[in-house]
Amino acid sequence: MTGDDVIKRRELAAFFGQTSQETSGRWIIGEDAQFTWGYCFVNELNPKSDYCDPNTNSSYPCAAGKHYYGRGPLQLRWNHNYGRLGKELNRSLLYQPEKVATDQVLSIRGSTLVLDDFTFSSECTKDKETWEQNRIAYYLRYCDMLDVDAGEYIDCDNQEPFGDNGLLKMVGSTM
C-alpha cells in the first residue's frame, strides 16, 4: 500500500469491499443483513462453464478434466488467467487450478492479477444497480469500520484500468 494513513485505510477498505462482493454469502442470512457478510466462499458457486477459452488455448491450453472457474478472494477465472499467474509464479496452474483455492499466497497473487486486469468498462456497466452499488456499499461499510472518510470518486464514472500490468508489478516488488 502507498500513501498516508488515510489512503492506506481506503485501499484496505476497497480491497475488502471487492473481495466481500466476490465471496459474499448474504443471501444465506437474508437481504436484511446485506453488506454485513463476506468471505463465505473460496470457490465460485454453480459455475456456468469450465472457463476454458478456445481463443487462448494455444498459449494456455486447458488440461483435460480441469476447470478454471472462479477461485480465491477475487475469483480468478479462465484458463488464460490461470496460465498467466502460473507463468508469473513459475507454477503449473493449468494442471492444478485448485491450488488457487487452497494456497493463500496463490490466492492473493491471483487477486492482484484480477485487480490488474479489472475491466471497468464491463464491470461498471454490468447491471449497475447491483455490481457497482454493492461494491460501493461494501467499501463504505469497511471505511466506517476503519474509521476513514470514503473520499471522492467512489463510483465507476471516472475510473480507468491499470496499464502495463502495473498493480501486479507493484505487488510483486514487495512480496
Side-chain angles (χ1 to χ4, degrees), residues 1-3 5-31 33-48 51 67-78 81-82 84-86 88-89 93 97-151 153-156 159-162 165-172 174-175:
M1 285 196 258
T2 60
D5 187 55
V6 169
I7 297 298
K8 288 177 182 177
R9 286 187 283 156
R10 285 180 184 161
E11 288 178 355
L12 188 59
F15 181 77
F16 285 153
Q18 294 286 356
T19 54
S20 290
Q21 168 69 19
E22 293 296 318
T23 62
S24 176
R26 68 180 173 274
W27 61 89
I28 294 171
I29 57 173
E31 288 300 314
Q34 200 166 8
F35 312 117
T36 61
W37 203 261
Y39 296 99
C40 292
F41 303 105
V42 169
N43 295 308
E44 179 178 354
L45 297 179
N46 306 313
K48 294 176 180 30
Y51 293 97
H67 303 280
Y68 305 98
Y69 57 80
R71 293 181 177 92
L74 281 179
Q75 302 289 284
L76 183 69
R77 289 180 183 89
W78 296 102
N81 287 327
Y82 280 87
R84 285 180 50 217
L85 180 63
E88 182 81 25
L89 300 176
L93 294 179
E98 61 280 351
K99 292 263 186 199
V100 173
T102 60
D103 182 312
Q104 294 93 349
V105 172
L106 287 176
S107 190
I108 294 298
R109 291 298 297 270
S111 294
T112 64
L113 180 70
V114 171
L115 277 174
D116 208 39
D117 283 351
F118 199 70
T119 307
F120 292 99
S121 61
S122 66
E123 191 71 15
C124 287
T125 59
K126 189 192 311 177
D127 191 4
K128 193 170 182 152
E129 289 304 309
T130 54
W131 290 89
E132 179 183 4
Q133 296 306 314
N134 283 354
R135 291 178 198 285
I136 290 170
Y138 275 118
Y139 172 70
L140 293 173
R141 179 170 184 272
Y142 285 114
C143 281
D144 186 53
M145 291 171 72
L146 295 168
D147 194 30
V148 65
D149 177 73
Y153 311 115
I154 62 173
D155 58 20
C156 292
Q159 300 295 314
E160 295 180 15
F162 290 105
N165 209 16
L167 184 61
L168 192 58
K169 284 182 182 176
M170 180 181 74
V171 172
T174 61
M175 291 184 97

Rounded distance [0.5 Å steps], CZ in Arg10 versus CG in Asp5: 11.0 Å
Any side-chain heavy-atom pair of Asp144 and Arg141 under 4.5 Å: no
Aromatic Tyr139 / basic Arg135 pairing, under 6.0 angstrom, 45° off normal: no
Pairwise side-chain contact, Ile108 with Gln104, heavy-atom cut-off 4.5 Å (strictly under): no
Side-chain heavy atoms of Val148 within contact of Leu12, under 4.5 Å: no
Side-chain donor or acceptor of Asn81 paired with backbone N/O of Arg77 under 3.5 Å: yes
Reported CD-to-CG distance for the pair Glu88 and Leu85, which is rounded to 0.5 angstrom: 7.5 Å
Sub-6.0 Å ring centroid separation between Tyr51 and Trp78: yes
Closest approach of Tyr138 to Gly17 (non-hydrogen atoms, all atoms of both residues): CB-CA, 3.6 Å
Non-hydrogen atoms of Cys143 and Ala150 that approach each other most closely: SG-CA, 3.8 Å
Considering all heavy atoms, the nearest Pro73-Ser107 contact: CD-OG, 2.8 Å
Pairwise distance CG(Leu76) to CZ(Arg84) - rounded to 0.5 angstrom: 9.5 Å
Gap separating the CD atom of Glu44 from the CG atom of Asn46, nearest 0.5 angstrom: 8.5 Å
Reported CG-to-OH distance for the pair Leu93 and Tyr68, which is rounded to 0.5 angstrom: 9.5 Å
Short side-chain to backbone donor-acceptor contact, Gln75 and Val42, under 3.5 Å: yes
Tyr69 backbone acceptor or donor facing Tyr82 side chain under 3.5 Å: yes
Heavy-atom closest contact (Ile154 atom, Ile136 atom, distance): O-CG1, 3.4 Å
Arg109 side chain reached by Val100 side chain, heavy atoms, under 4.5 Å: no
Sidechain-backbone polar pair: Arg9 side chain, Leu146 backbone, donor-acceptor under 3.5 Å: yes
